[in-house]
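One structure below.
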There are 4 protein chains.
Amino acid sequence: MKEERKRSEIMQSALKLIAEKGFIGAPMAMVAEKANVGIGTIYHYFKDKNTLINKLYMELEGKLIKFLEGNYNEGDSVRERFLQLYRGVLSYFTDHPLEFRYMEQYFNSPYSIDLRRDRIFDDSREGTILKKLFLEGVEQKFIKDLPLVVLFALSFGPILLLLRDQILGFVTLNDTLIEKTIEACLDSIKR
Amino acid sequence: MKEERKRSEIMQSALKLIAEKGFIGAPMAMVAEKANVGIGTIYHYFKDKNTLINKLYMELEGKLIKFLEGNYNEGDSVRERFLQLYRGVLSYFTDHPLEFRYMEQYFNSPYSIDLRRDRIFDDSREGTILKKLFLEGVEQKFIKDLPLVVLFALSFGPILLLLRDQILGFVTLNDTLIEKTIEACLDSIKR
Amino acid sequence: MKEERKRSEIMQSALKLIAEKGFIGAPMAMVAEKANVGIGTIYHYFKDKNTLINKLYMELEGKLIKFLEGNYNEGDSVRERFLQLYRGVLSYFTDHPLEFRYMEQYFNSPYSIDLRRDRIFDDSREGTILKKLFLEGVEQKFIKDLPLVVLFALSFGPILLLLRDQILGFVTLNDTLIEKTIEACLDSIKR
Amino acid sequence: MKEERKRSEIMQSALKLIAEKGFIGAPMAMVAEKANVGIGTIYHYFKDKNTLINKLYMELEGKLIKFLEGNYNEGDSVRERFLQLYRGVLSYFTDHPLEFRYMEQYFNSPYSIDLRRDRIFDDSREGTILKKLFLEGVEQKFIKDLPLVVLFALSFGPILLLLRDQILGFVTLNDTLIEKTIEACLDSIKR
DNA sequence: TATGAATGAGCGTTCATTCAT
DNA sequence: TATGAATGAACGCTCATTCAT
């Protein structure tokens, strides 16, 4: 119990520091301090900084996927499922800005070398869902017949950019704006 | 003359190293070595590493804008001008992958703190052009009536993501694919 | 009983690790792991690492002396007793290479500060035996009249060097070679 | 000029500290301090601690060999040449106790892994001289017909042990004692 | 008695920056 | 102007030791 608490506090501390100041701005000593833990303690739970960073990423990714799956209803129309995914990503990261900043930095760093975003279409559950949704849409002639990477970029490129702007304080997205935006995303992949 | 050459070689060296290995992978000593210049010399041209990084970014941005302006024809239709801009960004960064990697890293780092992307709509020439184009499109009822940031995200979000994938080797974009993609981008902002 | 087993396994573990990897290559955690014992347990049996190392040395020394005494026959001639001691040391360490490596490292480290080799002539049983043998040989005009340290160095210097070479794999000593070698050692102290 | 002085002071500092306190007792910060040099400076001259230690060893070995060669006269009889070598080693290390302690520790550590004492018979000048001397002695039926390693051990084992005792203060060797000792060493390899 | 999570001083090393030449 | 030797703060990480269970 207690041990899991320490592990979790270390991860929280790392999440905050790295999200706010980047990997360099988050020395292990500072992570330890913010977690109210001795430096050595971190090394009981994580082999080294690299491992901490990767484990943290994987945990955050897991949480995101769980959330998206919770909102995803196989019975809905393709259109509705797309809108639901877009809405989900936007609302999840709006509620979890640190996680957005962290994941963004993670992808933009050598840490993600073995775990590139092309994973998005790998055989993980998340990858499968998205891939199947795209293929189903293409088959129904609802979605343009373009490569998956292109469809992905059209779908999520704008959303990721907007989330960034929102988290940095350049926009505030209200509900009607969000609906208009995700409709626009759909417009770009719709036939 | 000669002095300008040194300055330029330092910047080239920094560009390559940082684009390929990130800011951490580019210590000043290595930048100097790759530029065939003494370490101290860098500090004659740039106050410190921070300054070098910022100056380099500004230079790269300037080159990009110049290129885009060269391809931009005020006489063209709004539609054509959008397509031209999209095409321009895609082709410029396809030809200059190091610059793409550099700028991407720059935005994703504490170095860009004072120079946020909201500059895109500031009073620089580039900002003005893009802003005017969006406003003109909205006025003509050709473009959706959405905030500029949203329109920007819809326009360039997909393109930036695709460029990344292409540079990392996950896709290869041929001309017809490019045309389809930029049409799709236009679809998302078109009424 | 069981407690003694733990103590003994800790010592075995320390012996192996230190003999093979040196004092630095044998952290307490590793000693504990190899002994299938909790880290804390070591500290029940030994005050600290220093104590463990010293106790281990003393135990190994005791075993060696016991072995040498077993082969030592007061009734033999001085000459025979010398040869028997030389033979004993060679055969004991050939059969116990880890113990040789351990003791060698021990003497060559700050750990042995309080327990220098001059002990060899102290009032321990071993010291007494060797001292008496040298003195008896000198008195019988069989051994050169030299200081005890010198006689000791002449006797055992070559043997220790050879053992080292053998354990490291540079020589293999067979029985005839051993006999020739110990005769040569005797030649150096013989009148 | 000045640069070479710093390099040399770093080596002197390392020599003293390591000889007196061992490799662990000589942290880089202490080496730097004793050399009146910044920590970073050490790393200009030596890639890392390992390299410093190895370079230092090689330098000390070079000095020793030079000294021994200076005292070695090809025209002398085999007997005289042996005595001269023994005398040389004894007097060199008596005058340079730190170097003795350093080299002793070096051989007894993982640092010497790639540079084992079997080098003594390799094709370095030193190795060649000693090897030739042994072979010549054997051929002249002056020296026992034993493997080189054994002859080496008989010759230098006692001397190294005695030097150790002397440096630690357990004996003081005067000239007559030295002469008797090296004669005894010769006795062990003489036919 | 036995455990191992927790600790933090201390290590080797890096690197942006300075300054005498 | 150009250099690179010199610096030391700061980093990631190790490990002997403690102590609550």
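Throughout, protein chains are lettered first and strands after them, A, B, ... in sequence-line order, and every chain is numbered starting at 1.
Checked by atom type and distance alone, the side chain of Lys6(A) never pairs as donor or acceptor with a backbone atom of Tyr45(A) at under 3.5 Å. A distance-only check finds no donor-acceptor pair linking the side chain of Gln12(D) to the backbone of Ala35(D) [under 3.5 Å]. A donor-acceptor pair under 3.5 Å is formed between the side chain of Ser13(D) and the backbone N or O of Val31(D). Formation of a donor-acceptor pair under 3.5 Å by the Gln105(C) side chain with backbone atoms of Asn108(D) is not found in this model. One N or O on the side chain of Lys49(D) and one on the backbone of Phe23(D) form a donor-acceptor pair closer than 3.5 Å.
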Walk along nucleotides 10-16 of chain F from 5' to 3' and tag each nucleotide B, S or - by protein heavy-atom contact under 4.0 Å, base first, then sugar-phosphate.
-SSBBSS

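The nearest whole Å value for the distance from the CZ atom in Arg5(D) to the C1' atom in dA5(F) is 15 Å. Between the CD atom of Glu9(A) and the C1' atom of dA6(E) there is a distance of 14 Å, given to the nearest Å. Across the protein-nucleic acid pair, Ile10(A) atom CD1 and dA6(E) atom C1' stand 10 Å apart, rounded to whole Å. A straight line from NZ of Lys6(A) to P of dG4(E) spans 18 Å, rounded to a whole angstrom. Following rounding to the nearest Å, Tyr45(B) (OH) and dT17(E) (P) show an atom-to-atom distance of 18 Å. Taking atom CG of Leu52(D) as the reference point, atom C1' of dT13(E) lies 14 Å away to the nearest angstrom. Here dA16(E) presents its C1' atom at 15 Å from CZ of Phe46(B), a figure rounded to the nearest Å. Distance, Ile53(B) CD1 to dC15(E) P: 14 Å, rounded to whole Å.
In this structure, Tyr57(B) and Tyr106(B) have parallel ring planes: the angle between them is below the 30° cut-off, well short of the 60° mark. Between Phe100(D) and Phe93(D), the two ring planes are perpendicular [angle over 60°; tilted spans 30° to 60°].
Ionic pairing of Arg101(C) and Glu104(C) is present here: one or more N-O contacts between side-chain nitrogen and carboxylate oxygen are shorter than 4.0 angstrom.
Counting only N and O atoms by type, the side chains of Thr51(A) and Asn54(A) include no donor and acceptor under 3.5 Å apart.
In terms of position on DNA chain F, the residue among Val37(B) and Gly38(D) whose nearest nucleotide sits closer to the 5' end is Val37(B).
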Treat a base pair as Watson-Crick or G-U wobble with both distances under 3.5 Å, then lay out DNA chain F in dot-bracket form, 5' to 3', with | for cross-strand pairs.
.||||||||||||||||||||

